[in-house]
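Here the structure comes first, spelled out in C-alpha coordinates, and everything after it is commentary.
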Amino acid sequence: MTDEQKLVHFQERIDAGEKIEPKDWMPEAYRKTLLRQISQHAHSEVIGMQPEGNWVLRAPSLRAKKILLAKIQDEGGHGLYLYSAAETFGIDRSEMIEQLQTGKAKYSSVFNYPTLNWADIGAIGWLVDGAAIVNQTMLAKCSFGPYARAMVRICKEEGFHQRQGYEIMAKMMAGTNEQKAMAQDAMNRWWWPSLMMFGPHDSSSAHTSESMKWKIKVESNDSLRQRFVNRTVEQAHHIGLTVPDLNLTYNKETRNWNFGDINWDEFWTVVNGNGPCNHQRIAHHIKYHREGEWVREAAVAFGKKQQKQNSLN
Amino acid sequence: MTEKSNQFPQWEVFIQAKNGGPYEHAGSVHATDKNMALQNARDIYTRRNEGRSLWVVQTDNIFSTTREEEAEFFDPAEDKIYRTPNFYKMPAGTTNL
Ligand SMILES: [Fe+2]
Ligand SMILES: [Fe+2]
(Lines give C-alpha, C1' and ligand atoms only; values in the text may rest on other atoms or scores of the structure.)
(Ligands and ions follow the chains in the order given, each with its own letter.)
Protein backbone atom coordinates (compact mmCIF):
# COMPACT_ATOMS: atom_id res chain seq x y z
CA MET A 1 0.00 0.00 0.00
CA THR A 2 1.22 3.52 -0.72
CA ASP A 3 1.11 6.11 2.03
CA GLU A 4 -1.86 7.74 0.35
CA GLN A 5 -3.81 4.49 0.34
CA LYS A 6 -2.85 3.95 3.95
CA LEU A 7 -4.17 7.39 4.81
CA VAL A 8 -7.49 6.66 3.09
CA HIS A 9 -7.75 3.35 4.91
CA PHE A 10 -6.86 5.07 8.20
CA GLN A 11 -9.61 7.64 7.72
CA GLU A 12 -12.08 4.87 6.94
CA ARG A 13 -11.23 3.16 10.19
CA ILE A 14 -11.68 6.42 12.11
CA ASP A 15 -15.01 7.11 10.39
CA ALA A 16 -16.19 3.62 11.23
CA GLY A 17 -15.54 4.37 14.90
CA GLU A 18 -12.61 1.98 15.24
CA LYS A 19 -9.92 2.62 17.84
CA ILE A 20 -6.33 3.03 16.72
CA GLU A 21 -3.74 1.07 18.69
CA PRO A 22 -0.09 2.11 19.09
CA LYS A 23 1.33 -0.40 16.60
CA ASP A 24 -1.20 0.38 13.86
CA TRP A 25 -0.19 2.53 10.92
CA MET A 26 -1.05 6.19 11.55
CA PRO A 27 -0.17 9.50 9.89
CA GLU A 28 2.81 11.21 11.44
CA ALA A 29 0.70 14.26 12.30
CA TYR A 30 -1.79 12.08 14.21
CA ARG A 31 1.01 10.60 16.30
CA LYS A 32 2.58 14.00 16.90
CA THR A 33 -0.63 15.73 17.91
CA LEU A 34 -1.60 12.94 20.28
CA LEU A 35 1.81 12.66 21.82
CA ARG A 36 1.82 16.40 22.48
CA GLN A 37 -1.71 16.36 23.83
CA ILE A 38 -1.32 13.30 26.06
CA SER A 39 2.01 14.39 27.52
CA GLN A 40 0.70 17.88 28.21
CA HIS A 41 -2.37 16.37 29.80
CA ALA A 42 -0.09 14.21 31.99
CA HIS A 43 1.96 17.25 32.99
CA SER A 44 -1.24 19.11 33.90
CA GLU A 45 -2.32 16.37 36.29
CA VAL A 46 1.08 16.34 37.95
CA ILE A 47 1.55 20.12 38.21
CA GLY A 48 -2.08 20.36 39.32
CA MET A 49 -1.10 18.67 42.58
CA GLN A 50 0.85 21.76 43.65
CA PRO A 51 -1.87 24.37 44.17
CA GLU A 52 -3.87 21.83 46.20
CA GLY A 53 -0.81 20.55 48.05
CA ASN A 54 -0.48 24.07 49.40
CA TRP A 55 -3.45 23.38 51.71
CA VAL A 56 -2.81 19.86 52.99
CA LEU A 57 -1.16 21.07 56.18
CA ARG A 58 -3.76 23.78 56.69
CA ALA A 59 -6.89 21.78 56.01
CA PRO A 60 -9.55 22.77 58.59
CA SER A 61 -10.26 19.23 59.86
CA LEU A 62 -8.90 15.71 59.73
CA ARG A 63 -11.77 14.76 57.43
CA ALA A 64 -10.91 17.59 55.05
CA LYS A 65 -7.23 16.65 55.12
CA LYS A 66 -7.88 12.98 54.33
CA ILE A 67 -10.13 13.94 51.42
CA LEU A 68 -7.65 16.43 50.04
CA LEU A 69 -4.79 13.92 50.27
CA ALA A 70 -6.83 11.26 48.49
CA LYS A 71 -7.79 13.73 45.77
CA ILE A 72 -4.21 14.83 45.21
CA GLN A 73 -3.08 11.21 45.11
CA ASP A 74 -5.68 10.57 42.40
CA GLU A 75 -4.27 13.45 40.35
CA GLY A 76 -0.79 11.94 40.62
CA GLY A 77 -2.34 8.67 39.45
CA HIS A 78 -3.99 10.44 36.51
CA GLY A 79 -0.60 11.79 35.49
CA LEU A 80 0.82 8.28 35.59
CA TYR A 81 -2.03 6.73 33.55
CA LEU A 82 -1.37 9.39 30.94
CA TYR A 83 2.41 9.07 30.88
CA SER A 84 1.79 5.36 30.45
CA ALA A 85 -0.54 6.05 27.49
CA ALA A 86 2.05 8.37 25.90
CA GLU A 87 4.75 5.75 26.36
CA THR A 88 2.86 3.38 24.09
CA PHE A 89 4.25 5.55 21.26
CA GLY A 90 7.73 4.47 22.36
CA ILE A 91 8.73 7.80 23.91
CA ASP A 92 10.77 7.62 27.10
CA ARG A 93 9.19 9.16 30.17
CA SER A 94 12.36 11.01 31.14
CA GLU A 95 12.18 12.77 27.78
CA MET A 96 8.70 14.04 28.62
CA ILE A 97 9.82 15.18 32.08
CA GLU A 98 12.69 17.07 30.50
CA GLN A 99 10.32 18.78 28.07
CA LEU A 100 8.20 19.88 31.01
CA GLN A 101 11.15 21.15 33.03
CA THR A 102 12.69 23.07 30.14
CA GLY A 103 9.36 24.66 29.22
CA LYS A 104 9.18 22.91 25.84
CA ALA A 105 6.00 21.15 26.86
CA LYS A 106 3.10 23.08 28.34
CA TYR A 107 0.53 22.14 30.94
CA SER A 108 -2.90 23.55 31.67
CA SER A 109 -2.56 27.24 32.48
CA VAL A 110 -5.15 27.08 35.21
CA PHE A 111 -2.56 25.64 37.57
CA ASN A 112 -0.50 28.80 37.36
CA TYR A 113 -2.90 30.61 39.67
CA PRO A 114 -2.28 30.65 43.43
CA THR A 115 -4.55 29.09 46.09
CA LEU A 116 -5.09 31.93 48.54
CA ASN A 117 -7.72 30.69 50.96
CA TRP A 118 -9.40 27.39 51.90
CA ALA A 119 -12.33 28.08 49.61
CA ASP A 120 -9.89 27.88 46.70
CA ILE A 121 -9.74 24.15 47.35
CA GLY A 122 -13.50 24.06 47.00
CA ALA A 123 -13.41 26.17 43.86
CA ILE A 124 -10.73 24.02 42.26
CA GLY A 125 -12.59 20.77 42.89
CA TRP A 126 -15.90 22.14 41.75
CA LEU A 127 -14.82 24.40 38.86
CA VAL A 128 -11.44 23.17 37.63
CA ASP A 129 -12.24 19.47 38.01
CA GLY A 130 -15.74 20.22 36.74
CA ALA A 131 -14.31 21.71 33.56
CA ALA A 132 -11.86 18.82 33.31
CA ILE A 133 -14.74 16.32 33.54
CA VAL A 134 -16.58 17.93 30.63
CA ASN A 135 -13.41 17.78 28.55
CA GLN A 136 -12.36 14.30 29.64
CA THR A 137 -15.78 12.75 29.09
CA MET A 138 -15.42 13.88 25.50
CA LEU A 139 -11.84 12.55 25.30
CA ALA A 140 -12.98 9.12 26.50
CA LYS A 141 -14.49 8.79 23.00
CA CYS A 142 -11.20 9.68 21.32
CA SER A 143 -9.93 7.44 18.51
CA PHE A 144 -6.63 6.50 20.14
CA GLY A 145 -7.19 3.41 22.28
CA PRO A 146 -4.70 3.94 25.11
CA TYR A 147 -5.78 7.58 25.59
CA ALA A 148 -9.48 6.72 25.52
CA ARG A 149 -8.99 3.92 28.06
CA ALA A 150 -7.00 6.17 30.39
CA MET A 151 -9.82 8.73 30.16
CA VAL A 152 -12.46 6.18 31.13
CA ARG A 153 -10.44 5.32 34.23
CA ILE A 154 -9.92 8.99 35.06
CA CYS A 155 -13.55 9.97 34.57
CA LYS A 156 -14.62 7.33 37.10
CA GLU A 157 -12.46 9.05 39.70
CA GLU A 158 -13.35 12.64 38.91
CA GLY A 159 -16.87 12.48 40.26
CA PHE A 160 -15.58 12.49 43.81
CA HIS A 161 -13.23 15.40 43.04
CA GLN A 162 -16.00 17.65 41.88
CA ARG A 163 -18.41 16.73 44.63
CA GLN A 164 -15.90 17.25 47.44
CA GLY A 165 -15.18 20.70 45.97
CA TYR A 166 -18.82 21.66 45.75
CA GLU A 167 -19.38 20.40 49.29
CA ILE A 168 -16.67 22.77 50.57
CA MET A 169 -18.30 25.68 48.74
CA ALA A 170 -21.79 24.77 49.95
CA LYS A 171 -20.59 24.47 53.54
CA MET A 172 -18.90 27.85 53.43
CA MET A 173 -21.94 29.46 51.82
CA ALA A 174 -23.99 28.16 54.75
CA GLY A 175 -21.49 29.60 57.23
CA THR A 176 -20.55 33.00 58.62
CA ASN A 177 -20.37 36.18 56.55
CA GLU A 178 -16.60 35.86 56.45
CA GLN A 179 -16.85 32.33 55.13
CA LYS A 180 -19.34 33.40 52.48
CA ALA A 181 -17.03 36.21 51.43
CA MET A 182 -14.13 33.77 51.12
CA ALA A 183 -16.18 31.41 48.96
CA GLN A 184 -17.30 34.27 46.73
CA ASP A 185 -13.72 35.54 46.48
CA ALA A 186 -12.52 32.10 45.36
CA MET A 187 -15.40 31.94 42.86
CA ASN A 188 -14.40 35.33 41.45
CA ARG A 189 -10.80 34.30 40.93
CA TRP A 190 -11.37 30.76 39.54
CA TRP A 191 -14.39 31.29 37.29
CA TRP A 192 -12.66 32.83 34.29
CA PRO A 193 -9.53 30.66 34.39
CA SER A 194 -11.90 27.65 34.38
CA LEU A 195 -13.63 28.89 31.23
CA MET A 196 -10.20 29.40 29.65
CA MET A 197 -9.38 25.73 30.28
CA PHE A 198 -11.35 24.83 27.15
CA GLY A 199 -8.88 26.74 25.01
CA PRO A 200 -9.32 29.41 22.33
CA HIS A 201 -12.59 29.91 20.45
CA ASP A 202 -13.20 27.50 17.59
CA SER A 203 -12.71 30.33 15.13
CA SER A 204 -9.13 30.86 16.30
CA SER A 205 -8.08 27.38 17.37
CA ALA A 206 -5.15 26.11 15.33
CA HIS A 207 -5.66 22.36 15.75
CA THR A 208 -9.39 21.92 15.95
CA SER A 209 -10.37 20.84 12.44
CA GLU A 210 -7.71 18.18 11.96
CA SER A 211 -8.26 16.89 15.49
CA MET A 212 -11.97 16.59 14.81
CA LYS A 213 -11.40 14.81 11.49
CA TRP A 214 -9.26 12.22 13.25
CA LYS A 215 -11.51 12.09 16.30
CA ILE A 216 -8.73 13.13 18.63
CA LYS A 217 -11.45 15.49 19.81
CA VAL A 218 -15.07 14.79 19.09
CA GLU A 219 -16.46 18.13 20.21
CA SER A 220 -15.23 21.68 19.81
CA ASN A 221 -13.84 23.98 22.52
CA ASP A 222 -16.83 26.31 22.40
CA SER A 223 -19.47 23.64 22.68
CA LEU A 224 -17.69 22.02 25.64
CA ARG A 225 -17.31 25.41 27.33
CA GLN A 226 -21.00 26.13 26.88
CA ARG A 227 -21.93 22.79 28.44
CA PHE A 228 -19.74 23.58 31.45
CA VAL A 229 -21.24 27.05 31.86
CA ASN A 230 -24.79 25.74 31.65
CA ARG A 231 -24.18 23.15 34.35
CA THR A 232 -22.17 25.33 36.64
CA VAL A 233 -24.17 28.56 36.68
CA GLU A 234 -27.12 26.74 38.14
CA GLN A 235 -24.97 25.04 40.76
CA ALA A 236 -23.56 28.45 41.74
CA HIS A 237 -26.99 30.00 42.13
CA HIS A 238 -28.20 26.98 44.09
CA ILE A 239 -25.83 27.78 46.96
CA GLY A 240 -26.05 31.55 46.65
CA LEU A 241 -22.83 32.28 44.77
CA THR A 242 -22.70 35.04 42.18
CA VAL A 243 -21.06 34.31 38.86
CA PRO A 244 -18.58 37.16 38.27
CA ASP A 245 -19.92 38.07 34.83
CA LEU A 246 -22.21 41.08 34.34
CA ASN A 247 -23.14 39.86 30.86
CA LEU A 248 -24.41 36.51 31.99
CA THR A 249 -27.96 35.99 30.68
CA TYR A 250 -30.19 33.01 30.09
CA ASN A 251 -31.40 32.46 26.57
CA LYS A 252 -34.75 30.70 26.77
CA GLU A 253 -34.70 29.63 23.13
CA THR A 254 -31.27 27.99 23.04
CA ARG A 255 -31.46 27.12 26.74
CA ASN A 256 -27.90 28.34 27.07
CA TRP A 257 -26.39 30.72 29.54
CA ASN A 258 -24.73 33.39 27.39
CA PHE A 259 -21.58 34.71 28.95
CA GLY A 260 -19.31 37.75 28.52
CA ASP A 261 -16.00 38.04 26.69
CA ILE A 262 -13.08 36.00 27.92
CA ASN A 263 -9.88 37.95 28.54
CA TRP A 264 -7.68 36.26 25.97
CA ASP A 265 -4.75 38.59 26.68
CA GLU A 266 -4.62 37.16 30.18
CA PHE A 267 -4.91 33.64 28.76
CA TRP A 268 -1.94 34.09 26.41
CA THR A 269 0.12 35.84 29.09
CA VAL A 270 -0.26 32.81 31.34
CA VAL A 271 0.23 30.28 28.51
CA ASN A 272 3.41 32.04 27.51
CA GLY A 273 4.89 31.66 30.95
CA ASN A 274 4.02 34.93 32.68
CA GLY A 275 1.16 33.93 34.95
CA PRO A 276 1.34 34.44 38.70
CA CYS A 277 2.92 31.01 39.48
CA ASN A 278 4.48 29.65 36.26
CA HIS A 279 8.01 29.98 37.54
CA GLN A 280 7.23 28.58 40.97
CA ARG A 281 5.47 25.49 39.58
CA ILE A 282 8.39 24.40 37.41
CA ALA A 283 11.04 25.33 39.99
CA HIS A 284 9.20 23.18 42.53
CA HIS A 285 8.99 20.25 40.11
CA ILE A 286 12.72 20.43 39.34
CA LYS A 287 13.67 20.75 43.00
CA TYR A 288 11.80 17.63 44.09
CA HIS A 289 12.82 15.69 41.02
CA ARG A 290 16.47 16.36 41.93
CA GLU A 291 15.98 15.65 45.61
CA GLY A 292 14.56 12.25 44.68
CA GLU A 293 17.62 11.32 42.66
CA TRP A 294 19.26 9.31 45.47
CA VAL A 295 16.09 7.29 46.00
CA ARG A 296 16.03 6.33 42.33
CA GLU A 297 19.72 5.43 42.41
CA ALA A 298 19.20 3.25 45.46
CA ALA A 299 16.24 1.51 43.83
CA VAL A 300 18.25 0.77 40.69
CA ALA A 301 21.14 -0.61 42.77
CA PHE A 302 18.73 -2.77 44.77
CA GLY A 303 17.08 -4.05 41.59
CA LYS A 304 20.47 -5.03 40.13
CA LYS A 305 21.49 -6.80 43.30
CA GLN A 306 18.29 -8.82 43.28
CA GLN A 307 18.76 -9.77 39.65
CA LYS A 308 22.24 -11.02 40.45
CA GLN A 309 20.96 -13.09 43.35
CA ASN A 310 18.24 -14.57 41.17
CA SER A 311 20.71 -15.60 38.51
CA LEU A 312 22.94 -17.29 41.12
CA ASN A 313 20.07 -19.38 42.45
CA MET B 1 15.69 3.38 26.23
CA THR B 2 17.85 6.36 25.38
CA GLU B 3 21.26 6.58 26.97
CA LYS B 4 20.49 9.45 29.28
CA SER B 5 17.24 7.84 30.34
CA ASN B 6 17.03 7.27 34.06
CA GLN B 7 13.73 5.44 33.82
CA PHE B 8 13.19 2.19 35.64
CA PRO B 9 12.15 -0.77 33.50
CA GLN B 10 8.51 -0.73 32.39
CA TRP B 11 5.95 -3.32 33.49
CA GLU B 12 2.46 -3.96 32.16
CA VAL B 13 -0.27 -4.31 34.75
CA PHE B 14 -3.20 -6.75 34.61
CA ILE B 15 -6.02 -6.63 37.14
CA GLN B 16 -8.45 -9.32 38.18
CA ALA B 17 -11.53 -7.44 39.33
CA LYS B 18 -13.45 -10.39 40.80
CA ASN B 19 -12.47 -13.78 42.05
CA GLY B 20 -12.65 -16.20 39.14
CA GLY B 21 -12.72 -13.47 36.51
CA PRO B 22 -10.20 -12.72 33.76
CA TYR B 23 -7.12 -10.55 34.19
CA GLU B 24 -7.53 -7.35 32.22
CA HIS B 25 -4.81 -4.98 31.08
CA ALA B 26 -4.88 -1.65 32.97
CA GLY B 27 -1.74 0.24 31.96
CA SER B 28 1.90 0.25 32.93
CA VAL B 29 4.23 1.21 35.76
CA HIS B 30 7.97 1.66 36.16
CA ALA B 31 9.86 -0.34 38.78
CA THR B 32 13.29 -1.80 39.39
CA ASP B 33 12.04 -5.19 40.58
CA LYS B 34 8.88 -7.27 40.66
CA ASN B 35 7.86 -6.39 44.20
CA MET B 36 8.12 -2.69 43.50
CA ALA B 37 6.17 -3.25 40.29
CA LEU B 38 3.36 -4.92 42.23
CA GLN B 39 3.30 -2.19 44.87
CA ASN B 40 3.31 0.60 42.30
CA ALA B 41 0.58 -1.16 40.34
CA ARG B 42 -1.54 -1.41 43.51
CA ASP B 43 -1.05 2.29 44.32
CA ILE B 44 -1.71 3.48 40.80
CA TYR B 45 -4.45 1.19 39.51
CA THR B 46 -6.38 -0.16 42.50
CA ARG B 47 -7.08 2.71 44.90
CA ARG B 48 -10.79 1.92 44.91
CA ASN B 49 -11.04 -1.85 45.15
CA GLU B 50 -10.73 -2.21 41.39
CA GLY B 51 -8.95 -5.49 41.91
CA ARG B 52 -8.28 -8.36 44.18
CA SER B 53 -5.32 -9.77 42.33
CA LEU B 54 -2.60 -8.32 40.09
CA TRP B 55 -0.18 -9.54 37.47
CA VAL B 56 2.84 -7.53 36.38
CA VAL B 57 5.04 -8.48 33.45
CA GLN B 58 7.95 -6.60 31.95
CA THR B 59 6.83 -4.79 28.82
CA ASP B 60 9.73 -6.21 26.79
CA ASN B 61 8.33 -9.68 27.35
CA ILE B 62 5.03 -8.93 25.62
CA PHE B 63 4.68 -9.70 21.93
CA SER B 64 1.70 -8.65 19.91
CA THR B 65 0.22 -9.01 16.47
CA THR B 66 -0.19 -5.88 14.39
CA ARG B 67 -3.17 -4.48 12.55
CA GLU B 68 -1.32 -5.15 9.27
CA GLU B 69 -1.15 -8.88 9.90
CA GLU B 70 -4.68 -9.08 11.27
CA ALA B 71 -6.25 -10.54 8.12
CA GLU B 72 -3.54 -13.06 7.39
CA PHE B 73 -3.33 -14.11 11.01
CA PHE B 74 -6.98 -14.52 11.91
CA ASP B 75 -8.81 -15.21 8.62
CA PRO B 76 -8.21 -18.97 8.73
CA ALA B 77 -10.73 -19.13 11.57
CA GLU B 78 -13.46 -17.49 9.52
CA ASP B 79 -14.44 -20.37 7.19
CA LYS B 80 -14.65 -23.01 9.88
CA ILE B 81 -18.17 -22.49 11.06
CA TYR B 82 -18.42 -26.24 11.76
CA ARG B 83 -16.68 -25.30 15.02
CA THR B 84 -19.92 -23.73 16.22
CA PRO B 85 -23.00 -25.69 17.41
CA ASN B 86 -25.43 -23.98 15.03
CA PHE B 87 -23.71 -25.58 12.03
CA TYR B 88 -25.38 -28.90 12.86
CA LYS B 89 -28.96 -29.77 11.94
CA MET B 90 -30.79 -31.70 14.60
CA PRO B 91 -33.78 -33.94 13.78
CA ALA B 92 -37.07 -32.19 14.47
CA GLY B 93 -38.29 -32.59 18.02
CA THR B 94 -34.88 -33.22 19.56
CA THR B 95 -34.69 -31.73 23.05
CA ASN B 96 -31.94 -30.82 25.50
CA LEU B 97 -29.36 -30.55 22.72
FE1 LIG C 1 -7.25 14.58 37.19
FE1 LIG D 1 -9.46 15.61 39.38
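Here the structure is a predicted model, which is why all the values come from computation and not from measurement. Order of the sequence lines sets the chain letters (A, B, ...), proteins ahead of strands, with each chain counted from 1.
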*Hey, is CD on B/Glu72 packed in by over 12 heavy atoms from elsewhere, all under 6.0 Å?*
no

*asked:* If you count every heavy atom of other residues, nucleotides or ligands that lies below 6.0 Å from B/Asn49 atom CG, does the total exceed 12?
replied: no

*Kindly say whether A/Lys23 contributes a backbone atom to a donor-acceptor pair with the side chain of B/Thr66 at under 3.5 angstrom?*
no

_Looking only at heavy atoms and a cut-off of under 4.5 Å, which of A/Asp74, A/Leu80, A/Ile91, A/Val300 has the most pairs with chain B?_
A/Asp74

*State whether the number of non-hydrogen atoms from other residues, nucleotides or ligands found under 6.0 Å of B/Arg48 atom CZ is greater than 12.*
yes

_Can you confirm whether A/Lys6 is buried at NZ, in the sense that more than 12 heavy atoms of other residues, nucleotides or ligands lie under 6.0 Å from that atom?_
yes

_Counting only non-hydrogen atoms closer than 4.5 Å, does A/Glu87 touch chain B with its backbone (N, CA, C, O), its side chain (CB onward), both, or neither?_
side chain

*Should the pair B/Arg47-A/Glu157 be classified as a salt bridge under the 4.0 Å nitrogen-to-oxygen rule?*
yes

_A quick test of your reading: do over 12 heavy atoms of other residues, nucleotides or ligands sit less than 6.0 Å from CD of B/Glu68?_
yes

*asked:* Tell me whether A/Ser84 contacts the main-chain N or O of B/Ser28 through its side chain, where contact means a donor paired with an acceptor under 3.5 Å.
replied: yes

*For atom CD of B/Glu69, decide whether the heavy atoms of other residues, nucleotides or ligands shown that lie under 6.0 angstrom number more than 12.*
yes

_Pick from A/His78, A/Glu21, A/Arg296, A/Met1 with the largest number of heavy-atom pairs that fall under 4.5 Å of chain B_ = A/Arg296

*So how far is it from A/Tyr83 OH to B/Gln7 CD, rounded to the nearest 0.5 Å?*
10.0 Å

_Carboxylate-amine/guanidinium contact B/Arg67 A/Glu18, below 4.0 Å_ = yes

_With a sphere of 6.0 Å drawn around NZ of B/Lys80, does it hold more than 12 non-hydrogen atoms of other residues, nucleotides or ligands?_
yes

_Looking at B/Lys34, I want to see if its NZ is surrounded by more than 12 non-hydrogen atoms of other residues, nucleotides or ligands under 6.0 Å._
no

*Is there a donor-acceptor pair under 3.5 Å between the side chain of A/Tyr81 and the backbone N or O of B/Ala26?*
no

_Winner by heavy-atom pair count (cut-off under 4.5 Å) against chain B, out of A/Gly77, A/Pro22, A/Ala299_ = A/Ala299

*Could you tell me which portion of B/Glu50 (side chain, backbone, both or neither) has an atom closer than 4.5 angstrom to a non-hydrogen atom of chain A?*
side chain

*Charged N to carboxylate O below 4.0 Å: is that the case for B/Asp33 and A/Lys305?*
no

*Relative to chain B, which segment of A/Glu297 carries a heavy atom at a distance below 4.5 Å: side chain, backbone, both, or neither?*
neither

*Which portion of A/Phe302 sits near chain B, non-hydrogen atoms under 4.5 angstrom*: side chain

_Can you tell me which portion of A/Arg93 sits under 4.5 Å from chain B's heavy atoms? Options are side chain, backbone, both or neither._
both

